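Inspection log for the structure reproduced underneath, given as structure tokens.
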Amino acid sequence: MSESLQSGVRSGDGARPGDDVHEHHGGFPVFTPVQAGPNFAEFVESLRRLQDLAVSTHIPDDVLDDATARATALGDLLESYRVPEGRSPAGFNSQLPGRGSLLLLPWQFEKVDTDGVRSRGVFRMYHRGGNSAAHGGTIALLFDDLLGMIVHASGHPIARTAYLHVNYRKVTPIETELVVEGRVDRAEGRKLFCMAELRDLDGTVLADCEALMLQLLPGQP
């Protein structure tokens, strides 16, 4: 489920002036955004390239042995730098595709305001489901992440996804620039009803969604 705390866009600790931090964030800790260093974007992109290649190559066993050894060595190099949640720059840097997170699709925000949120990008080879189409689950992930940003941008307290319904209207191609855009449709107490569309650059709707985001109670995880 998505949550609406998008620290990569907020400044400071994420709380608005005068807010009670725990009231505003439910049971979420308040993270201070971690700014990525100058080499972080290139590092993340190199790993995304490996993800693409891992699902689109047929590798001889001797090359696999070498690749596995190198991947293991890289893991060993990075292992000692593990940090707790909220201490890594991954997911905190809105100027990077996917905010610098390998989990999220590498899309870039174009608009984040009270009227709604718009993002642009491509589904890569790693997101392929079959016959050069994006996997339906990655489309749902794109929507779910957008919902969190929509709730934040509209000025509502932190919320989690209670319901997400996706309509797959047309085949969504990979490696083709697309646009996703959404907004809060209405609010009823703690309930925020949102909607979003995924479109190609000609404006054709490829998928759309409707969702219920539920604002967290104080202390609610």
Side-chain angles (χ1 to χ4, degrees), residues 1-16 19 24-26 28 30-31 33 36 41 44 89-124 127 134 136-169 172 176-188 190-216:
M1 295 191 296
S2 173
E3 75 280 350
S4 66
L5 177 61
Q6 301 295 347
S7 300
V9 171
R10 293 187 186 201
S11 60
D13 64 6
R16 296 173 176 81
D19 279 349
H24 183 75
H25 291 86
F28 270 72
V30 181
F31 296 125
V44 174
F92 281 101
N93 288 262
S94 60
Q95 78 280 9
L96 300 180
R99 304 198 304 282
S101 170
L102 284 173
L103 172 65
L104 303 179
L105 280 80
W107 288 43
Q108 193 73 56
F109 290 110
E110 291 187 333
K111 170 189 172 186
V112 180
D113 60 34
T114 55
D115 294 329
V117 176
R118 182 172 62 248
S119 184
R120 182 183 298 259
V122 303
F123 289 89
R124 296 175 63 141
H127 309 119
T138 64
I139 296 173
L141 173 61
L142 179 69
F143 279 136
D144 195 40
D145 182 61
L146 187 78
L147 290 169
M149 189 64 75
I150 289 169
V151 171
H152 160 65
S154 64
H156 290 90
I158 191 169
R160 282 196 182 272
T161 310
Y163 171 83
L164 172 61
H165 178 86
V166 179
N167 297 304
Y168 299 95
R169 304 294 185 182
T172 297
T176 301
E177 190 173 33
L178 305 171
V179 174
V180 65
E181 188 166 14
R183 60 182 174 83
V184 174
D185 184 49
R186 68 186 191 279
E188 298 177 3
R190 294 170 55 216
K191 296 179 180 180
L192 302 172
F193 295 89
C194 303
M195 55 194 308
E197 289 184 339
L198 174 66
R199 304 185 298 268
D200 64 21
L201 297 189
D202 293 327
T204 301
V205 176
L206 304 175
D208 58 56
C209 79
E210 57 185 59
L212 169 61
M213 304 294 286
L214 192 62
Q215 296 175 8
L216 297 182

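The shown structure was predicted, so the numbers you read here are calculated from the model rather than taken from an experiment.
Every residue two or more places apart in sequence or in another chain was checked for a ring pair (Phe, Tyr, Trp, His ring centres under 6.0 Å) with F143, and none qualifies. Every residue meeting the side-chain contact (heavy atoms from CB on, under 4.5 Å) condition with A134, not counting sequence neighbours, appears here in chain and number order: F123, T138, I139, T172, I174. For R199, the salt bridge (charged side-chain N to carboxylate O under 4.0 Å, His left out) partners are E181, E197, not counting sequence neighbours. Listed by chain and residue number, nothing satisfies the salt bridge (charged side-chain N to carboxylate O under 4.0 Å, His left out) test with D115 (two or more places apart in sequence, or in another chain). Every side-chain hydrogen bond (donor to acceptor under 3.5 Å, both in side chains) that R183 has, sequence neighbours left out, goes to D185. E110 pairs by the salt bridge (charged side-chain N to carboxylate O under 4.0 Å, His left out) definition with R118, R120, not counting sequence neighbours. Every side-chain contact (heavy atoms from CB on, under 4.5 Å) that L96 has, sequence neighbours left out, goes to A36, F40, A41, N93.
Nearest heavy atom pair, residue G26 against residue L216, reads CA-CB, 4.0 Å. Residues G100 and V44 share a closest heavy-atom pair of O-CG2, 3.9 Å. In terms of heavy-atom proximity, I150 sits nearest to M195 at CD1-O, 4.4 Å. The minimum heavy-atom distance linking S94 with Q108 is given by the pair O-NE2, 3.0 Å. Minimum interatomic distance between A140 and L164 (heavy atoms only, all atoms of both residues): O-CD2, 3.9 Å. Residues P157 and V151 come closest through the heavy atom pair O-CG1, 3.6 Å.
Side-chain N or O atoms of Q215 include none that pairs as donor or acceptor with a backbone N or O of R160 at under 3.5 Å. In this structure, W107 contributes its side chain and V122 its backbone to a donor-acceptor pair below 3.5 Å.
The neighbour count for K191 NZ, taken as heavy atoms of other residues, nucleotides or ligands under 6.0 Å away, does not exceed 12.
With values rounded to the nearest 0.5 angstrom, I158 atom CD1 is found 12.0 Å from L214 atom CG. Rounded to the nearest 0.5 angstrom, D200 CG and T176 OG1 are separated by 9.0 Å. Taking CE from M149 and OG from S119, the interatomic distance works out to 9.0 Å, rounded to the nearest 0.5 Å. Put simply, SG on C194 and CZ on R186 are 10.0 Å apart, with the number rounded to the nearest 0.5 Å. For the atom pair CG (L141) and CG (L146), the distance works out to 11.0 Å, reported to the nearest 0.5 Å.
Sorted by first and then second residue, the salt bridge (Lys or Arg N to Asp or Glu O under 4.0 Å) pairs involving residues 201-212 (not counting sequence neighbours) are R169-D208.
Between D145 and R99 there is a side-chain heavy-atom pair separated by less than 4.5 Å. Side-chain contact check for T161 versus M213: some heavy-atom pair is nearer than 4.5 Å.
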